[in-house]
Amino acid sequence: MFYVSKITPLFFLLAFIDLFLALVLRATGYDHIDVALIAVFGFVLHTIIGAAYQIIPNSQQTALKFSQISYIVFILSLISSIGMYLRQFEFASAVSLVAVVTFSIHVFSIVKNISPVTVRFLLISIVYMNIASMLFFLAGFTGNILYQTAIHTMTVGSMLNAILGVELAWIPMLLMHTLNVRFANLFFYAHQMSTLGLFVSFYYFDYKKIMFAGIFELVVLSIFLFIIFKALKSHTLGKIPYTVKFFLGGMLFLIFGVLMGIHLSASKMLQFIEVHMDAMLLGFGGLTIFGAMLHLLPRIVWNMVYIKKAQKGKKIPNVFQVVDEKMANYAFYSLMIGATASVIFEFLMKREIASIIYLLPMLFFFYVLFIKLLIFYEK
């Protein structure tokens, strides 16, 4: 790694706590909109900020200037999360908006090369992040914007662009496959059209427009799936890396979640809105983000430990020894089962059980990644 972001592990830990408490609070009776706000403007937002602080400087081969600003952004994000836990969404949205704008100016200041498709996806993700944060703020203070509009701007505009952009780089790399740049660029431009369509549809919150925009998004996603299928087909080195398994599992929930969203828009059976929410946030978002953490965080910690111990002349283990492969695979299967069970129990209107049943594999994942990393760091 050219640049190691020491703030990224803190953002990832905060993001994990955000999702954990969102599920705990849902089990205690919080409204699904409240839970979605905590999950989206906590778990999703803080993961993207943390990942961007690591990925963007490395993509530019430029160290981040005034790195102390990242700690200010983290403190603001932490305060925002606490405000959301307490249902003080107006206060939380104002603090979060300041954090997002500060973060955006901070990382955009070093961006000079936007030719890699992943960089463009991340930059577009940050643009939608700012729009979503502004809508979150306006929803609480003016009442003219729906919280649902802010939530979907963050998920469709920021989360999807960030995740799909990173996967375009990481999946072919992990499978030793050369990315087809022509198809990647085609997908980038097509996805920006479908994202804009969904954003406009949710802004006006017109169910018919949302349905057609969702169908268009599903068609565009087929280009992405084709790129990933080509990478999988070319993989001849045996077993699939566990990180890729997390990404592929997330894609299954993404397709189901989009189909469910289209169905809800067409039928207006809004009693099943939390089925769509669990598929997108726990299935797609959860599996993909946890897979990204498993890929990125051990490398960050390894580099931090390497520099520290190399100065003392100590022997350094291989980066692949930081996370136990068997345990990582167990974490993947348990999260797949947990997300699937959550969706099923949401269909049965058992939201408390749906929350609790996902918390168990989350705690196991916490042990596999965070506790193991702490042990590795202290050795």
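The structure presented is a predicted model; accordingly, all values stated were derived computationally and were not measured. Numbers here are sequence positions counted from 1.
- Linking ILVMFWY side-chain heavy atoms closer than 4.5 Å, directly or via other members, places I300 and L13 in a single hydrophobic cluster.
- When ring centroids are compared, F226 and F183 come within the 6.0 Å threshold.
- There is no path of hydrophobic side-chain contacts, each under 4.5 Å, that joins I344 to I255.
- Side-chain heavy-atom separations under 4.5 angstrom define the hydrophobic clusters, and V181 shares its cluster with no other residue.
- Within a 6.0 Å sphere centred on NZ of K326, other residues, nucleotides and ligands contribute 12 heavy atoms or fewer.
- In this structure, S80 and F41 have side chains that are not in contact, with every pair of non-hydrogen atoms separated by 4.5 Å or more.
- E325 is linked by a side-chain hydrogen bond (donor to acceptor under 3.5 Å, both in side chains) to K239, counting only residues two or more places apart in sequence or in another chain.
- Residues L348 and F253 do not share a hydrophobic cluster, defined by chaining ILVMFWY side chains whose heavy atoms lie under 4.5 Å apart.
- Counting only heavy atoms from C-beta outward, the side chains of I69 and F103 never approach each other to under 4.5 Å.
- With hydrogens and angles disregarded, no donor-acceptor distance shorter than 3.5 Å links the side chain of D206 to the backbone of F202.
- When atom types are taken as modelled, the side chain of S77 and the backbone of I75 share no donor-acceptor pair closer than 3.5 angstrom.
- Counting heavy-atom neighbours within 6.0 Å of F205 CZ, excluding the residue itself, gives a total above 12.
- No side-chain heavy atom of V40 sits under 4.5 Å from any side-chain heavy atom of F136.
- Heavy-atom neighbours of M349 CE from other residues, nucleotides or ligands within 6.0 Å: above the threshold of 12.
- The aromatic rings of F290 and F16 sit tilted, their planes meeting at an angle between 30° and 60°.
- For F364 and Y330, the ring centers are positioned 6.0 Å apart or more.
- Note: F137 and F141 meet the aromatic proximity criterion, with ring centroids under 6.0 Å apart.
- Counting heavy-atom neighbours within 6.0 Å of K245 NZ, excluding the residue itself, gives a total above 12.
- The closest side-chain heavy-atom distance from M277 to V35 is below 4.5 Å.
- Considering every non-hydrogen atom in both P57 and Q54, the closest pair reads CD-O, 3.7 Å.
- Of the N and O atoms on the side chains of Q192 and N161, at least one donor lies less than 3.5 Å from an acceptor on the other residue.
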Open item on the list: Checking L264 against I273 for the side-chain contact (heavy atoms from CB on, under 4.5 Å) test, could you report, in this order, the C-alpha distance in whole Å, the side-chain angles of both residues, the deciding distance, and whether it holds?
Closed with: CA-CA 7 Å; L264 290 173; I273 191 68; 3.8 Å; yes
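- Applying the 6.0 Å contact sphere to CD1 of I114 captures no more than 12 heavy atoms from other residues, nucleotides or ligands.
- Contact annotation: the side chain of V343 never approaches that of M260 to less than 4.5 Å [non-hydrogen atoms, C-beta and beyond].
- A side-chain donor from one of D18 and Y85 sits under 3.5 Å from a side-chain acceptor of the other.
- If you chain together hydrophobic residues whose side chains sit under 4.5 Å apart, F108 and I124 fall into the same group.
- Using a cutoff of 4.0 Å between basic side-chain nitrogens and carboxylate oxygens, D278 and R26 are scored as salt-bridged.
- Here the closest heavy-atom approach between residue A354 and residue I357 is recorded as O-CG2, 3.4 Å.
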TODO: Carefully, step by step, assess I262 and V258 under the rule side-chain contact (heavy atoms from CB on, under 4.5 Å).
DONE: CA-CA 6 Å; I262 294 169; V258 173; 4.1 Å; yes
Task: Residues E167, T288; criterion side-chain contact (heavy atoms from CB on, under 4.5 Å); working and verdict - done: CA-CA 9 Å; E167 287 186 344; T288 308; 3.2 Å; yes
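- Side-chain contact between F43 and I38 is absent, with no heavy-atom pair separated by less than 4.5 Å.
- Salt-bridge check for R351 with E346: failed, with every basic side-chain N at 4.0 Å or more from each acidic carboxylate O.
- In this structure, F332 has its ring center closer than 6.0 angstrom to the ring center of F246.
- A donor-acceptor contact under 3.5 angstrom links the side chains of S125 and S158, judged on distance only.
- Looking only at side-chain heavy atoms (C-beta outward), H276 and H263 stay at 4.5 Å or farther from each other.
- Clustering ILVMFWY residues whenever any of their side-chain heavy atoms sit less than 4.5 angstrom apart, transitively, puts I356 in a cluster other than the one holding L19.
- Defined by atom type and a distance below 3.5 Å, a donor-acceptor pair is present between the side-chain atoms of S194 and E217.
- Evaluation of the side-chain hydrogen bond (donor to acceptor under 3.5 Å, both in side chains) rule for K230 yields no partner, not counting sequence neighbours.
- In this structure a side-chain-to-backbone donor-acceptor pair under 3.5 Å is missing from T142 to A139.
- Y53 and H106 have their aromatic ring centers within a separation under 6.0 angstrom.
- Ring orientation note: the planes of F187 and F224 are tilted relative to one another, at an angle of 30° to 60°.
- Residues A15 and T47 come closest through the heavy atom pair CB-OG1, 3.2 Å.
- Within 6.0 Å of CZ on F216 lie more than 12 heavy atoms contributed by other residues, nucleotides or ligands.
- Put simply, the side chain of N144 does not reach to within 4.5 Å of the side chain of L138, judged on heavy atoms.
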TODO: Tell me, with the steps shown, if M154 and T149 meet side-chain contact (heavy atoms from CB on, under 4.5 Å).
DONE: CA-CA 9 Å; M154 178 60 74; T149 300; over 6 Å; no
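- Counting non-hydrogen atoms of neighbouring residues, nucleotides and ligands closer than 6.0 angstrom, the CE atom of M173 exceeds 12 such neighbours.
- Closest non-hydrogen pair, I151 versus I33, comes out as CD1-O, 4.3 Å.
- Shown here for G50 and T8, the closest heavy-atom pair between the two residues is O-OG1, 2.8 Å.
- For the pair R120 and F188, the distance from NZ or CZ to the six-membered ring centre is under 6.0 Å and the angle to the ring normal is within 45 degrees.
- One distance of note links CG of L294 with CE of M327; it measures 11.5 Å at 0.5 Å rounding.
- In this structure, S67 and Y3 approach most closely via the heavy-atom pair CB-OH, 4.2 Å.
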